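Down below is the structure, laid out as structure tokens.
These numbers come from a predicted model, not from an experiment. Heavy-atom basis, side chains included; hydrogens, waters and symmetry copies ignored. Order of appearance sets the numbers: ligands from 1, and atoms from 1 within every ligand.
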Amino acid sequence: MDAKTRYEQFRRRGRGVLLAIETSCDETAAAVVEDGRRVRSNVVHTQIPLHRVYGGVVPEIASRNHVEMIGPVVDRALADAGLALSELDGVAVTHGPGLVGALLVGLNYGKALAFAAGLPFAGVNHIASHIAANYLTFPDLAPPFTCLIASGGHSHIVRVESYHRFALIGRTRDDAAGEAFDKIARVLGLPYPGGPALEALARTGDPQAIRFHSAFNQGAGFDFSFSGLKTAAVNELHTRKQRGETVKAEDLAASFQYALVEALSEKAVRAALQYGDRTLALAGGVSANTCLRETLGRKCEGRGLRFCCPELRYCTDNAAMVGSAGFYRLLAAPPDGLSLNAVPNLSIV
Ligand code: KG4
Ligand code: ZN
């Protein structure tokens, strides 16, 4: 059967099993997902140990490691699902946003597989995939809803109007939330990636020890700014050191996390209410943060909103979420051609 016939069959049935691939940053991931909701396999090879010595992701090292790992990771995902390529209905691959060299590895591998097996092929937006991680955890969740996306490269509040149409409500004017976490963690001498390490340190600190004010983040709009908060945290550390005072790293971590989580959660809840949605979802790597999950959960409960956030394994980069987003992408529009390129700054709206 050729790709065209397979696609027509998929559209007619409105059902299908996809192989999904994700290589936008420092995880080589592949998954097999049924009907956009059921994960048949989910394999993630993380490169974190390779990049840790440099304190951040080195793009060229990331690309080279993806080249080495993509074959074994995809084979494993198919084997875990107990399926051969010929039994699939399509291939979905992240084609942006992300590191161009890293994206190209997964994209070209996915294209080659789709061509060889006669399968429909679709490029998928990485941010849309993070949002779709919620469909894997909540089988009944369906648009419209409001979603807060906080990852290493992005911080957005979007209105998910349908499975494939998004409206931007707010965004960061400077740093992404994950980027701010990573920078402060680095200043405190914590290992990469800083977010989880800073969260662990903050657990023993006092979130009220240092008050970080931000007129912008407490303002009426829906955009964020984390660069000022980051500078305030660094200044606090330096000023106290110059005065010969000791700063408890755990207090700084807890206070910084508190300020960032407050800004993200207040605006997201306000956006959901203003846009008349009854559900607020959370997505992106920073959604793994317990303080953010709990704070948003509490605020939603207090204001009559349903709160959704993905299981931990679907919060940071993985391919299961690409399998979900890819399913809805392929239902909405015909497959992409094999000339589809990587788009490092691909937007969601
Ligand atoms: O979504 P993701 O895996 O990759 C991007 O698309 O950017 O997000 C990675 C980001 C990193 O900045 C990392 O520090 C942050 O998510 N992160 C966390 C936590 N786990 C991951 N930030 C705060 N607390 C966490 N537990
Ligand atoms: Zn991501």
Does an N or O from [X], backbone or side chain, lie closer than 3.5 Å to an N or O of ligand 1?
X: G152; answer: yes
X: F181; answer: no
X: G284; answer: no
X: T316; answer: no
X: G195; answer: yes

Is it the case that the side chains of T5 and D2 hold a donor-acceptor pair, with the cut-off being a distance below 3.5 Å and no angle test?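 The answer is yes; a qualifying pair exists.
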Step through the shown structure and confirm whether more than 12 heavy atoms of other residues, nucleotides or ligands are within 6.0 Å of CZ on R76.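 No - once you tally the heavy atoms of other residues, nucleotides and ligands closer than 6.0 Å, there are 12 at most.
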Residues, nucleotides or ligands: over 12 heavy atoms within 6.0 Å of E245 CD: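 Atom CD in E245 is crowded, with more than 12 foreign heavy atoms closer than 6.0 Å.
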Show me which atoms of ligand 1 lie under 4.0 Å from any heavy atom of [X].
X: A288; value: 20 (N), 26 (N)
X: E199; value: 24 (N), 25 (C), 26 (N)
X: H130; value: 1 (O), 6 (O)
X: G153; value: 7 (O)
X: G178; value: 12 (O)

Between D251, L229, V234, which is the residue that forms a side chain to side chain contact (heavy atoms under 4.5 Å, CB included) with F256?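 Checked D251, L229, V234 against F256; only one passes side chain to side chain contact (heavy atoms under 4.5 Å, CB included): L229.
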Is any NZ, NE, NH1 or NH2 atom of the basic residue among [X] and [Y] found under 4.0 Å from an Asp or Glu carboxylate oxygen of the other?
X: R270; Y: E266; answer: no
X: R6; Y: D89; answer: no
X: E236; Y: K241; answer: no

Which heavy atom of the protein is the closest neighbour of [atom], given with residue, atom name and distance?
atom: atom 2 (P) of ligand 1; answer: D317 OD1, 3.4 Å
atom: atom 21 (C) of ligand 1; answer: G285 O, 3.4 Å
atom: atom 15 (C) of ligand 1; answer: V286 CG2, 4.0 Å

How are the rings of H154 and H156 set relative to one another: parallel (under 30°), tilted (30 to 60°) or perpendicular (over 60°)?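 Ring orientation of H154 relative to H156: tilted.
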Could you give me a count of protein N/O/S atoms that are under 2.8 Å from the Zn ion (ligand 2)?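 Near the Zn ion (ligand 2), the number of protein N, O or S atoms below 2.8 Å is 3.
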Relative to ligand 1, is E27 under 4.0 angstrom through side chain, backbone, both or neither, heavy atoms considered?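 Near ligand 1, E27 shows nothing, with every heavy atom at 4.0 Å or more.
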Can we call the ring centroids of Y163 and Y135 under 6.0 Å apart?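 Close enough - the centres of the two rings lie under 6.0 Å apart.
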Kindly say whether the aromatic ring centers of F10 and F327 come within a distance under 6.0 Å.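 That pair passes the under 6.0 Å test.
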Taking side chain as C-beta onward, heavy atoms only, is R186 less than 4.5 Å from D182?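 A side-chain contact is absent here, since even the closest heavy-atom pair is not under 4.5 Å.
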Using side-chain heavy atoms (C-beta onward) and a distance below 4.5 Å, is R159 in contact with Y275?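 Yes - at least one pair of side-chain heavy atoms lies under 4.5 Å apart.
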Give a yes/no verdict on a cation-pi contact between K267 and F216, requiring under 6.0 Å between NZ or CZ and the six-membered ring centre and an angle within 45° of the axis.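 Pair K267/F216 counts as cation-pi.
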Would [X] count as a contact residue for ligand 1, given that I'm defining contact as a non-hydrogen atom of the residue lying under 4.0 Å from a ligand atom?
X: C25; answer: no
X: H154; answer: no
X: H126; answer: yes

For atom 24 (N) of ligand 1, state which one of I149, V57, D182, N289 supplies the nearest heavy atom.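 Residue with the shortest heavy-atom distance to the ligand atom: N289.
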Applying the side-chain hydrogen bond (donor to acceptor under 3.5 Å, both in side chains) criterion to E22, which one of T28, T94, N318 satisfies it?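 In the set T28, T94, N318, the residue that makes a side-chain hydrogen bond (donor to acceptor under 3.5 Å, both in side chains) with E22 is T94.
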Is there a path of hydrophobic side-chain contacts, each under 4.5 Å between heavy atoms of I/L/V/M/F/W/Y residues, joining V124 to V343?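 No, separate clusters.
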